[in-house]
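Below is one structure, written out as structure tokens, with a few remarks after it.
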Amino acid sequence: MAGFKEIRTKIKSVESTRKITKAMEMVAVSKMRKAQDRMRASRPYAERVRNIAGHLAEANPDYVHPFMIRHETLRRAGLIVVSTDKGLCGGMNTNVLRLTTNRMRDYAQAGVAVDAVAVGGKGAGFLNRFGAHVVSQVVQLGDVPHLERLIGPVKVLTDAYLNNEIDEIRLLYTRFVNTMTQVPAEELLIPMGAETLRPDRSALRLDYICEPDPQTVIDDLVTNYVEALIYRAVAENMASEQAARRLAMKAATDNAGSVIDELRLKYNKSRQASITQEITEIVSGAAAV
Amino acid sequence: MADVKTLKVEVVSPEEEIFSGLAEFVALPGEVGELGIYPQHTPLLTRIRPGAVRIKLAGRDEEELVFVAGGILDVHPEAVTVLADTAIRGRDLDEARANEARKRAEETLANSTAQFDHAKAQAELAVAIAQLAALARLRERS
């Protein structure tokens, strides 16, 4: 029978672990709410930009934005992999990285080279560790996604597409379904399908005056649209992160609770055993006298 | 339109909805010059420079001031939408950001092998997934 003092120390240590996981759970709950709000706030902008870009593209059918032109052969692809900076959030990063690895294997089998952009520390570490060609990366994003920090890394890929160096760009991130479910998702960002930019039929078609000229404005709008999509992916990823962490920490807290219960039972048993033994010794000692 | 004296004004950025409401008049810093927009303006689409957007609220004397770091302005006869950038943009600045990101990646790229090791990567992920599955099963049992 293990010494009950040792068990007591063990109980104490599990108790303090439980305190930490409990605190992390509560932090995640409050951060999750804010992250969800931010995720929702990014939607109207992307909608508006898409509508206006769609209107303009329809009004100027002779100009097609390069992002909408499909390259004939697929030789090199760009992947934007969105992951979290911190761990302890369940299988979320593992799932999105598995999706990435599968995609890269498919590309490798088809003889397509891959340029990766890593958003988030976990993905960056993973891709670098396994020797992926990482052309740019952003890590330490914090709790609030800042578009400012995403522009540069993404521009590396979009520029490459414009220069015909890359033939498609895909976006991989974790989609926030609800607080219990987050699924890894993959989207073809560029080339965009013509239907991507189709505006709402209900909206009026107007002849715009464009300053300085329609082409410049369409270019700007399409770039903004792409950035808004990436921003949304990062915002969803952050909401997913907090939700996944809350779940993981809740499970950890529950587990710590059951471990403590088990240990306490063991502790009481061993304490009782030692008392019984002591009494037996005294009684048999007295009988001998 | 019953009331042609007001405009629906919306200022949105990718990060948040900055302003939404009815106005009588809006003044903004357009790329080619300061713009003043009244209801029933011709449809117009232009870029705006960083600066203040002044919004004269409908039926009230005060003006709402919103600062934008540039963006795109979309004008309809009854509505004005400002698609604001959250960051100060500019071709040179964006280029600088891209270069910086590229440089950071090159540093890490320098000390890694050229080929992505699919087998190893999958092996590591498989282990992680197996661990998670085992944990889930453990939890179900208890």
Side-chain angles (χ1 to χ4, degrees), chain A residues 38 41-42 44-46 48-49 52 56 90-91 94-95 97-98 101 104-105 108 114 117-118 124 126-138 144-148 151-153 155-156 159 204 206-212 214 216-217 220-221 224 227-228 231-232 251 254-255 258, chain B residues 10 12-17 30-32 42-47 71-72 74-77 81 83-89 93-106 108-109 111-118 120-122 124-126 128-129 131-133 135-136 138-139 142:
Chain A
R38 267 194 291 273
S42 68
Y45 180 86
R48 294 261 151 62
V49 174
I52 299 170
L56 276 185
T94 316
N95 287 333
L97 291 175
R98 184 161 62 154
T101 312
M104 286 175 87
R105 196 193 44 208
V114 173
V117 168
F126 177 83
L127 291 169
N128 283 322
R129 197 159 63 245
F130 293 107
H133 191 256
V134 180
V135 289
S136 70
Q137 61 182 40
V138 258
V144 185
H146 287 297
L147 193 59
E148 197 171 340
I151 295 167
K155 195 172 158 59
V156 174
D159 279 355
L204 289 160
L206 298 160
D207 287 323
Y208 276 108
I209 304 172
C210 287
E211 282 173 8
T216 325
V217 179
D220 260 23
L221 281 169
N224 281 11
E227 283 168 3
Y231 177 85
R232 198 207 57 203
D254 294 349
N255 280 351
S258 57
Chain B
E10 280 181 322
V12 288
S13 83
E15 295 179 10
E16 61 186 334
E17 189 166 62
E31 199 173 53
V32 274
T42 290
L44 168 77
L45 202 57
T46 183
R47 273 207 295 242
I72 293 165
D74 172 39
V75 182
H76 289 253
T81 309
L83 301 163
D85 289 333
T86 42
I88 308 275
R89 301 293 293 269
L93 213 55
D94 283 5
E95 198 58 55
R97 284 194 189 109
N99 284 335
E100 196 193 327
R102 226 172 266 150
K103 208 173 71 198
R104 266 204 309 274
E106 272 161 14
T108 44
L109 205 61
N111 46 25
S112 77
T113 50
Q115 204 57 48
F116 185 72
D117 197 334
H118 297 277
K120 250 196 204 163
Q122 271 181 324
E124 183 180 296
L125 288 173
I129 286 166
Q131 278 173 348
L132 287 164
L135 274 175
L138 207 70
R139 214 170 300 141
S142 60

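Throughout, a chain's letter reflects where its sequence line sits, starting with A, and its residues are numbered from 1.
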Heavy-atom contact with chain A under 4.5 Å, split by part of Glu15(B):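 For Glu15(B), heavy atoms of backbone and side chain both lie under 4.5 Å from chain A.
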
Toward chain A, the part of Leu44(B) with a non-hydrogen atom under 4.5 Å: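 Both parts, backbone and side chain.
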
Test item: [X] and [Y] side chains (from C-beta on) under 4.5 Å apart, heavy atoms:
X: Thr216(A); Y: Glu31(B); answer: no
X: Asn128(A); Y: Gln137(A); answer: yes
X: Val75(B); Y: Thr46(B); answer: no

Chain B contacts, top residue of Val156(A), Asp159(A), Leu221(A), Thr101(A) (heavy-atom pairs, under 4.5 Å):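 Option with the greatest count: Val156(A).
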
More than 12 heavy atoms of other groups within 6.0 Å of Arg98(A) CZ: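 Not buried by this count: 12 neighbours or fewer within 6.0 Å.
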
Contacting region of Asp254(A) [heavy-atom separation from chain B under 4.5 Å]: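 Nothing of Asp254(A), per the 4.5 Å heavy-atom cut-off to chain B.
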
